[in-house]
Each structure stands twice: as structure tokens, then as C-alpha cells.
Amino acid sequence: MTQPPDTVILNGRLVTFDPDRPHAEALAIAGGLIAAVGTTSEIRALAGPGTRVFDAGGATVLPGFIDSHVHLFGGSVELGYLDLYGVTGEDALTQKVRDWAADCPDDTVVFAVQADYAILGHGRATTRHDLDRVLPDRPFAMFAPDHHTIWANTKALDAAGLLHGAVVDKGAQIVMGEDGLATGELQEPSAYAPVLRLTRHAGRDMMGLITGADPEPPATPAERARDKAAIARGMKHCASHGITGLHNMDGNFYQLDLLSEMEAEGTLLCRTEIPFHYKSFDPLDRFDEAAEMRRRYDTDMLWCNRVKMFMDGVTESRTALMLRPYPGTDHVGDAVFDPDHFNAACIRADAMGFQIATHAIGDLAIRRTLDGYEAARTANGVRDARHRVEHIEVLHPDDLPRFGTLDVVASMQPGHAPFGGIFPAAGMSDLLHDDQIPLTFAWRDLRRVAPRLCFSTDWPVIGVEVMPSVKAAVAPLTLGAPWRDQSQGLMETLKSYTADNAWLEFNEHRKGMLRRGMMADVVVMSDDLASMPPSDLDRARATLTLCAGRVTWEA
């Protein structure tokens with residue numbers, strides 16, 4: 001080095017993910033890149049009078065975490081809503097909601113998140129009448145953790161124009177009662193979008209998911225400023241957990257514009273990829289917008305190189321698409337795409353050089369997604385596409401090897417599994433046939449066959465905090481047969497959150513490792529993770545986060 005480094009990190013236990021030097025003690029950063037990796041004495045000798053010296057104190061130092069499946073805008077906004085995680089029973093719900101409502105007198109709709117499907121008891125559907133008792137005098141609605149269902153009271157349904165039903169997109173449903181009125185359960189985005197329009201950000205935070213288009217009417221300057229401030233808070237929250245990269249799972253030009261402004265202002269704290277979101281009602285010509293997104297946004301901090309689609313819903317609301325009916329029903333779930341349309345979309349996106357990420361939870365949804373990717377390979381030829389299937393909750397044995405033969409990435413969220421310790425373990429078994437369960441959340445099996453198993457949170461479905469998800473993978477609950485042990489090793493889990501996610505975004509030669517010349521995206525943890533009991537991993541925190549060599553968080 002000809003000039004002293006900007007920053008040195010000493011006395012750490014570096015997990016580099018560099019096969020040539022897996023472990024080290026210290027590193028130096030200069031000009032936004034890693035300038036040197038070595039022993040503490042070697043790196044200390046490089047420091048000059050102006051070098052920032054950080055002592056890791058024997059704690060783990062890693063490449064910055066990359067959360068490869070988030071909804072940044074929605075997660076950021078929801079940091080400011082009532083959080084019902086862990087709340088059960090009508091009395092507890094009523095107390096929480098009324099206290100919150102009293103503090104938010106100007107909200108058009110009192111809005112809550114993280115409401116469990118069994119918040120009022122297992123096997124009991126939540127209705128508008130239940131929520132009328134919880135808050136009788138104001139519109140009130142609450143989001144399920146998976147963001148595929150909203151429950152609303154009568155006043156909220158009436159204010160949103162949904163009490164008497166409405167036309168919704170394929171795969172969505174306004175559940176209607178025998179009295180001809182909505183029950184209060186709104187399944188999938190197009191059904192609940194009118195309720196979101198009543199919230200503080202008028203649903204702009206979910207527009208990249210619901211339509212993939214920009215807000216109508218366009219956001220005012222004041223609304224843009226409010227939205228950008230919310231995202232900035234979310235970015236700071238991500239950085240506080242050691243995150244330096246995000247793969248967003250919804251997209252529109254509006255969100256890209258806000259993030260581009262933040263990049264220019266210096267408030268974009270995490271490198272972020274925004275996809276083009278293709279909907280089942282879109283014509284193929286809409287892919288021209290994807291090309292424009294990719295052309296217009298292409299920096300190290302903000303880019304578009306991926307198409308996102310949905311194949312089904314979620315198991316909890318029985319909208320995940322299955323090969324056979326759910327137990328005790330004649331319902332197999334809801335297909336979002338017609339197979340021919342999906343295959344044509346995959347062929348078009350792949351021919352344009354885009355990576356594809358598809359939400360697929362049920363076994364039939366996963367099969368149809370793999371069919372679409374296979375159709376693209378057949379039509380366009382084999383290339384290094386790194387197409388992804390998101391979630392992969394219920395997998396048929398016949399489709400497991402196809403992840404290997406088709407080179408398809410398994411993109412999964414350890415915290416979503418009933419054995420992940422974040423959601424209640426009870427409930428999912430009742431929604432599946434016993435012979436489906438052994439390959440449900442099959443992390444171990446997929447790691448053996450897929451080119452990569454990549455981990456993420458799906459924030460705000462669960463918190464963007466990394467370490468609870470690491471614990472979920474390394475120390476899952478034991479549920480007993482027919483559930484199988486899918487536990488992961490610590491190092492392979494950390495790699496699935498760092499180096500593998502850098503590979504997933506085609507950046508493996510630039511980040512995801514602590515190696516000279518790589519981007520200086522680095523996190524220093526509070527503990528030596530390798531020496532912690534697995535059951536305590538969720539207690540570890542980031543103490544220093546650097547993105548491009550810039551400190552984005554310091555405890």
C-alpha cells in the first residue's frame with residue numbers, strides 16, 4: 001500500500017469465505033475496498049495518523065450480510081405500525097389496538113401488522129364481527145405476517161368499498177359470508193389493496209407488489225419526502241443488523257426513483273437490487289419496461305437485473321397451489337398464472353438476459369415454476385441464468401432433483417419454518433398430508449442438489465434481523481415424525497447469508513469475501529459466533545457495519 005488505509009479492523013476472528021485464506025485476524029480498508037487481510041500485527045503496521053482503528057475484541061468479522069429476499073419499502077413503513085407479534089386472544093388484542101388507536105387519532109384506518117392466523121384461536125377464522133368488538137368506532141385492519149391476508153372490521157371494509165365485494169385479480173379473494181357481505185378476510189394483494197390505500201402511505205409502499213406500476217395518482221412532493229424518510233429509517237434499521245445488501249422482491253419505477261435520490265444524497269446505506277415485477281394480467285410487451293429499468297438504474301449501489309413473479313399464495317390461507325386438495329377439503333389452492341402465460345414470460349425474460357425469481361410455496365406451484373424455467377432453457381439454450389425459486393415450502397420428491405438438473409437456486413427463509421422458532425410451531429401439520437411433510441422446508445435436501453441454497457428473511461414477514469434466522473437454521477426445534485431434521489451448520493448458514501447471496505446477484509468476484517480488492521462491505525459482530533451455544537446465536541448483534549468502507553452503523 002502506498003497510502004495508509006482509511007480504516008483497520010484488528011483482533012478479530014475473520015471468517016473470510018476466501019478459499020485461499022479462510023481465516024485471519026485483521027483487515028485494512030482504503031477507497032471503499034479491502035486493501036489487505038492478515039494478522040493483527042501486519043495490519044496494525046499499515047495504519048497511519050489518520051487511520052480509524054477498530055478493535056474487534058476477538059469477535060467474528062464477516063462480509064456484510066446480504067438479505068436476498070426483502071420488501072424494503074413495506075418493511076420500512078411497517079416499523080411505524082402496531083406490531084401484534086405474539087399477541088393472542090381477544091382481550092389482549094383489544095387492549096393493544098385500543099391503546100394504539102388512542103395514540104393515532106388522525107389515522108384514517110388503525111392499522112396493525114404481524115397478526116397471526118390463529119390470533120383468536122386455532123381453527124377459528126377471524127371475522128369483521130370479531131374486529132368490530134375489538135375496535136367498534138373506527139376503521140381497523142390487520143396484516144397477517146405473510147402479507148397474503150388482511151382482516152378488516154366493518155368500518156374499514158365500508159370505507160374501502162369492499163363490504164359488498166369487488167372484482168379482484170386471479171388468485172385473490174374477498175371472502176363473502178352467507179349474508180352477502182364480506183366476512184372481513186381479504187386474501188392476496190388485489191383484494192386488500194383498497195384497505196392499504198387508507199393507510200399512512202396510501203399503499204404506495206406495496207404498489208411495487210400489488211401492481212408493479214407507479215402510484216396513481218402520482219405522489220405529491222410531500223408524499224415523496226415522507227416515503228423517502230420511511231425508507232431511510234428502514235435502511236438504518238438494516239445496517240444496524242450488519243446488512244450491507246438487499247435483494248428487493250417488489251419493484252416499480254417510483255421505488256427506484258426514491259432510492260436513486262437517496263443514493264445521490266448519501267442516505268442509501270445498503271446496496272439494493274430492485275426487480276421488474278411482472279403480473280399475471282400483464283402482456284408480454286410489458287417487458288419493455290424491464291429493459292428500461294435495467295438501462296436507467298445500473299450502479300454499484302442500485303440496479304435492476306431481475307424479474308419477479310408469483311405462482312401462488314401461502315399455505316396458511318390455503319392459497320398455496322398443491323398437487324392435491326388440502327386435507328378435508330376439495331380445494332388445491334389458487335394459481336396466480338396460467339401455465340402457458342408463465343412459460344411465455346419465462347422465455348421472454350430469459351431471452352433478455354434477466355434473472356427470474358418466482359414465489360412458489362405449494363408443490364404444484366414449485367413444479368410449474370420449474371417447468372417455466374425448463375421451457376426457457378429449451379427455447380433459449382443453457383446459460384448461467386441463476387434463476388431462483390422463492391420459499392419452496394412443500395416440495396414433491398420428483399421435483400427435488402430438478403433443482404440440480406436445471407441449475408435452479410433454492411431461495412429460502414429459515415425463520416418461516418414451523419421448526420424455525422419464530423412462528424408458532426402448531427398449525428401447519430393440519431394443512432398438509434403426512435407424506436408431504438418430510439420435504440417441507442427441506443433445507444438439507446435442497447442444499448445437496450441445488451447450485452446454491454441462499455437464506456433471507458422476507459422482511460417484513462419476519463424481522464430483517466439476521467441472527468434469529470441464523471439460529472433458526474442452526475438450532476431448529478425438534479417437532480418429531482413425520483417432520484425431519486433440516487438443521488444447518490453455522491458456517492454454511494453464514495455463507496448462505498453472505499458469499500452465496502453475492503454469487504446469487506452475479507457479484508461473487510466483487511463482494512461476499514474478505515479478500516484484497518473486494519468491496520469493503522464488512523460487519524463486526526458482538527461475539528465470536530463459533531464459540532456461542534447455537535441456542536444463543538440470536539443474542540449476537542452487529543457492533544460495526546461498513547458498506548463501501550463507509551460506517552453505516554456503529555453500536
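All figures in this text were calculated on a predicted structure; none of them were measured in a lab.
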Check: [Y] main-chain N/O paired with [X] side-chain donor or acceptor under 3.5 Å:
{"X": "T319", "Y": "V314", "answer": "yes"}
{"X": "T358", "Y": "A360", "answer": "no"}
{"X": "R204", "Y": "F73", "answer": "no"}
{"X": "R200", "Y": "G80", "answer": "yes"}
{"X": "T272", "Y": "C270", "answer": "yes"}
{"X": "T498", "Y": "F65", "answer": "no"}

What distance separates [X] [atom1] from [Y] [atom2], expressed to the nearest 0.5 Å?
{"X": "I210", "Y": "H277", "atom1": "CD1", "atom2": "NE2", "value": "10.0 Å"}
{"X": "L546", "Y": "F54", "atom1": "CG", "atom2": "CZ", "value": "8.5 Å"}
{"X": "R388", "Y": "L504", "atom1": "CZ", "atom2": "CG", "value": "4.0 Å"}
{"X": "L268", "Y": "T299", "atom1": "CG", "atom2": "OG1", "value": "7.5 Å"}
{"X": "I66", "Y": "E505", "atom1": "CD1", "atom2": "CD", "value": "4.5 Å"}
{"X": "D205", "Y": "L72", "atom1": "CG", "atom2": "CG", "value": "10.5 Å"}

Under the salt bridge (charged side-chain N to carboxylate O under 4.0 Å, His left out) rule, collect the residues that match up with [X], sequence neighbours excluded.
{"X": "D521", "answer": "R271"}
{"X": "R197", "answer": "none"}
{"X": "R294", "answer": "none"}
{"X": "D407", "answer": "R377"}

Is the shortest side-chain heavy-atom distance between [X] and [Y] below 4.5 Å?
{"X": "T267", "Y": "M235", "value": "no"}
{"X": "W459", "Y": "H71", "value": "no"}
{"X": "L196", "Y": "F111", "value": "yes"}
{"X": "P401", "Y": "V449", "value": "no"}
{"X": "I274", "Y": "M293", "value": "no"}
{"X": "T545", "Y": "I243", "value": "no"}
{"X": "L370", "Y": "L406", "value": "yes"}

With the threshold set at 4.0 Å, does a side-chain nitrogen-carboxylate oxygen contact exist between [X] and [Y]?
{"X": "R452", "Y": "E508", "value": "no"}
{"X": "R402", "Y": "D399", "value": "yes"}
{"X": "R295", "Y": "E292", "value": "yes"}
{"X": "D169", "Y": "K279", "value": "no"}
{"X": "D250", "Y": "K308", "value": "no"}
{"X": "R306", "Y": "E390", "value": "no"}
{"X": "R448", "Y": "D445", "value": "yes"}
{"X": "R515", "Y": "D20", "value": "yes"}

Are [X] and [Y] linked by a side-chain donor-acceptor pair shorter than 3.5 Å?
{"X": "Q413", "Y": "S456", "result": "yes"}
{"X": "Q355", "Y": "H247", "result": "no"}
{"X": "N248", "Y": "Q255", "result": "yes"}

Is the distance between the ring centroids of Y278 and H341 under 6.0 Å?
yes
Which residues pass the side-chain contact (heavy atoms from CB on, under 4.5 Å) test with D340, not counting sequence neighbours?
D338
Could you go through the side chain to side chain contact (heavy atoms under 4.5 Å, CB included) check for D350 and H387 one step at a time?
CA-CA 9 Å; D350 181 75; H387 296 324; 2.9 Å; yes
Steps toward side chain to side chain contact (heavy atoms under 4.5 Å, CB included) verdict (Y254, R224)
CA-CA 9 Å; Y254 179 66; R224 289 179 67 93; 3.5 Å; yes
Tell me the closest heavy-atom pair linking [X] and [Y], and the distance in Å.
{"X": "A473", "Y": "F455", "result": "CB-CE1, 4.0 Å"}
{"X": "R286", "Y": "A213", "result": "NH2-N, 4.0 Å"}
{"X": "F287", "Y": "A349", "result": "CE2-CB, 3.8 Å"}
{"X": "S76", "Y": "A230", "result": "CB-O, 3.2 Å"}
{"X": "L33", "Y": "M519", "result": "CD2-CA, 3.9 Å"}
{"X": "F342", "Y": "T369", "result": "CE2-CA, 3.6 Å"}

With sequence neighbours left out, what residues match H391 under ring-ring contact (aromatic ring centres under 6.0 Å, His included)?
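ring-ring contact (aromatic ring centres under 6.0 Å, His included) check on H391 returns H69, H359, H416.
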Would you please test S496 and Q488 for side chain to side chain contact (heavy atoms under 4.5 Å, CB included) and show each step?
CA-CA 10 Å; S496 287; Q488 304 283 291; 5.7 Å; no
Before giving the answer on side chain to side chain contact (heavy atoms under 4.5 Å, CB included), spell out for F310 and E188 the whole-Å C-alpha distance, their side-chain angles and the decisive distance to 0.1 Å.
CA-CA 11 Å; F310 272 83; E188 303 301 328; 5.6 Å; no
